[in-house]
Number of protein chains: 2
Amino acid sequence: MVTMRDVSRAAGVSSATVSRVLTGSAEVDPATRQRVLDAVRQLDYRPNLVARGLRRQVSQVLALVVTDIENPFYTAVCRGVEDAARLKGYSVILCNADRDIDKEREYLRVVADQNASGVVISPASAQNTDIGALVARGIPVVAVDMPLEQAAGSVLVDNRAAAAMATRHLLAGGARRIACITGPSDNATASDRLDGYMRALHEAGRPVDPELAIYSNYRESGGYEATNRLMDLADRPDALLVTNNRMIVGTLRALQSRGVSIPDDVNVVSFDELPWALELHPHLSMVRQPGYLIGQKAAELLIERLASPTTPQHIVMEAELIAKDGRARTPSSAI
Amino acid sequence: MVTMRDVSRAAGVSSATVSRVLTGSAEVDPATRQRVLDAVRQLDYRPNLVARGLRRQVSQVLALVVTDIENPFYTAVCRGVEDAARLKGYSVILCNADRDIDKEREYLRVVADQNASGVVISPASAQNTDIGALVARGIPVVAVDMPLEQAAGSVLVDNRAAAAMATRHLLAGGARRIACITGPSDNATASDRLDGYMRALHEAGRPVDPELAIYSNYRESGGYEATNRLMDLADRPDALLVTNNRMIVGTLRALQSRGVSIPDDVNVVSFDELPWALELHPHLSMVRQPGYLIGQKAAELLIERLASPTTPQHIVMEAELIAKDGRARTPSSAI
DNA sequence: TTGTAGGCGTTATCAA
DNA sequence: TTGATAACGCCTACAA
């Protein structure tokens, strides 16, 4: 391995001077400077980032802790973080917490031990995710998808508005009994989405039937069961709002096995992107969150903060409705 | 931050002893040992991995360089690598090369500078991807999805067999003119798949019409154009083999816009998984590669090699055909 | 069994 | 403008 010492010898200077040239931390005589650069090129020297990290006490590494890397929404977030980080010279350590609070905690520890400069996280839980250790070490955290108490920032989507928009879309399409299948009751985004659904019904002067509001588990199995339960009701719903992309797969399977057709028998709006399936199902509307943008913004926020500590900054983005009937895409605020 | 020195003072020993206790590198008197452990607990000490990495000259970090993190196949690989690495106490740096050879090269440099212990890579190109710098530094590389000259190992799929299997499936379904849309001609997997397609045709005593074998770009746009071109032929194909999951989206869109129905007008087999769309399209068969397993094996291979340098090890896995008509899943070797 | 001392490769401080 | 020197936190000869 080529070290700075090798370069300094080749250029006939001290390693301090080499360091100065490479980091630009002080003035160096142009001639000396050139000799150093030549030696660097000659030897193909590259600074050892581990040594630099130890000395400077900061690495050029961010950590990204996601809930589920196989979920296209988080994948998009991931790309956004990745691109923004790369642009600023940061690398990204990927941690897939898998909705497991213990795994998440373990990852946060390791990331702290590795002296990551900052962390972007989609928390497993708004209550139980504990970033205290990071905060204590002065490692800033930006939350996405779900708010987090001590976070230095957050990039969230207005889930209430998004769910309300979806509900209004169903109403406008003529739905009379709309059901909502949402996530666990202790999940912040799940209850926000349910809340938006209810709000839209109230606004429209429609009754809210408790039978039609189901807390499920954000998993395919939950979507499947909840849908079957709804379809077994004496007074069936004629529209479904399903608040995440894993459950919608279960919902579709249940409807398919029962021979229930979309949108003739029930109209359906899904949440989150199923990007590659978009073309395949001509009758499934969905609420799309700007995953890439969220990730990008989150990383930028984090890196900004590293440069100059500021007060926590919270960004709220809007989801868009992709209506299957070919209507124009509409930001949620416009409805 | 709590250092080893702090622990040593609290326990009334030297930091060397603390190190010995924590790494188990030498015998320590049980009583002393206990005092050290107590101090560690008391202070909530955690070793600084950067310092350790500098001293030991090896980090507990692997790098994963993938072609396209938004592609469900690579996402599955990613999870496999991640899980296997975590199990062995390694972290994973994620690098999304985006099919860009320059971006890939840049990432490989950074990863080397960060002293990663090893690299799992899905190369952007079998010819142009250059891992020389890593090899020179003694950083082992395991290739997935595509073979790589100097790699310390590889985990690949038998693409010829897989494409042949898919082609036979179409033949068995009564197809008479089968077209194949594959990736760039300089892409190893793309030409392997085309090769398998041709081989199956030969074996069946069918002519190979050059008009029906199209090199495209592995992107949605390519699938769209190629499909349109094929459908414009005077003597249209009645079956399509599309060799990756991005192009299939373009194919489906083209077919849809022309009102061509699957499988009545043309039968279609796709490559790679579109996992979340599986439920949605009842008539689309596909060849599925075991992404998770590939990633897992690759990481295990890498970590094994770190423990004891061996000769390069190459693993070939089989794809499975998921036939839409409800036939049993069949490993490619059985056909 | 334990401690001392030195070094991993870089950078920051201080003198010259 | 440049060079010695020390230090980041850890590990490992070597000595005691």
Side-chain angles (χ1 to χ4, degrees), chain A residues 1-37 39-40 43-61 89 109-110 112-117 137-139, chain B residues 1-37 39-40 43-61 89 109-110 112-117 137-139:
Chain A
M1 151 172 261
V2 180
T3 74
M4 217 158 78
R5 191 80 195 82
D6 299 323
V7 176
S8 75
R9 269 195 275 262
V13 298
S14 75
S15 56
T17 297
V18 177
S19 175
R20 282 190 275 256
V21 169
L22 294 178
T23 62
S25 60
E27 288 295 298
V28 173
D29 182 89
T32 316
R33 186 185 149 74
Q34 196 51 55
R35 265 185 300 140
V36 169
L37 290 178
V40 164
L43 299 174
D44 190 27
Y45 166 75
R46 315 214 82 217
N48 180 322
L49 298 182
V50 179
R52 177 177 284 177
L54 178 60
R55 174 64 234 222
R56 291 202 195 161
Q57 296 290 55
V58 286
S59 56
Q60 292 280 95
V61 176
R109 289 188 151 233
V110 172
D113 295 344
Q114 273 167 343
N115 242 303
S117 296
R137 283 220 197 190
I139 300 176
Chain B
M1 151 171 263
V2 180
T3 75
M4 217 158 78
R5 191 80 196 85
D6 298 324
V7 174
S8 76
R9 269 196 275 261
V13 298
S14 75
S15 57
T17 298
V18 176
S19 175
R20 282 190 274 256
V21 169
L22 294 179
T23 62
S25 60
E27 287 296 295
V28 174
D29 182 89
T32 316
R33 187 184 150 73
Q34 195 51 54
R35 264 186 300 141
V36 169
L37 291 177
V40 165
L43 300 174
D44 190 28
Y45 166 75
R46 316 214 81 218
N48 180 322
L49 297 181
V50 178
R52 177 177 284 176
L54 178 59
R55 171 64 231 231
R56 291 199 193 164
Q57 296 292 49
V58 286
S59 57
Q60 292 280 95
V61 176
R109 291 187 149 233
V110 173
D113 296 343
Q114 273 167 343
N115 241 301
S117 297
R137 284 220 197 190
I139 300 176

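Order of the sequence lines sets the chain letters (A, B, ...), proteins ahead of strands, with each chain counted from 1.
Remark: A:Arg5 is not in phosphate contact with C:dG9, judged by side-chain N or O atoms under 4.0 Å from OP1 or OP2. Side-chain nitrogen and oxygen atoms of A:Arg20 include none within less than 4.0 Å of the OP1 or OP2 phosphate oxygen of D:dT2. Under 4.0 angstrom from either OP1 or OP2 of D:dG9 there lies at least one side-chain N or O belonging to A:Gln57. At D:dT2, one or more side-chain N or O atoms of A:Thr32 fall inside 4.0 Å of OP1 or OP2 (strictly under the cut-off).
To the nearest angstrom, P of D:dC11 lies 11 Å from CD of B:Gln60. Computed from coordinates, the B:Arg55 CZ to D:dA13 C1' distance equals 9 Å when rounded to whole Å. For the pair B:Leu22 CG and D:dC10 C1', the interatomic distance rounds to 11 Å; values are reported in whole Å. The CG atom of B:Leu54 sits 14 Å away from the C1' atom of D:dT12 (whole-angstrom rounding). Atom-to-atom, CZ of B:Arg9 to C1' of C:dG3 comes out at 15 Å; the value is rounded to the nearest Å. Rounded to whole Å, atom C1' of C:dG9 lies 12 Å from atom CZ of B:Arg137. Distance, B:Gln114 CD to C:dT10 C1': 15 Å, rounded to whole Å.
Within 6.0 Å of the CZ atom in B:Arg33, the count of heavy atoms belonging to other residues, nucleotides or ligands does not exceed 12.
Checked against D:dC11, D:dT2, C:dT10, the side chain of A:Tyr45 finds its nearest nucleotide in C:dT10. Of the candidate nucleotides D:dG9, C:dT1, C:dT10, C:dT10 has the atom lying nearest to any side-chain atom of A:Asn48.
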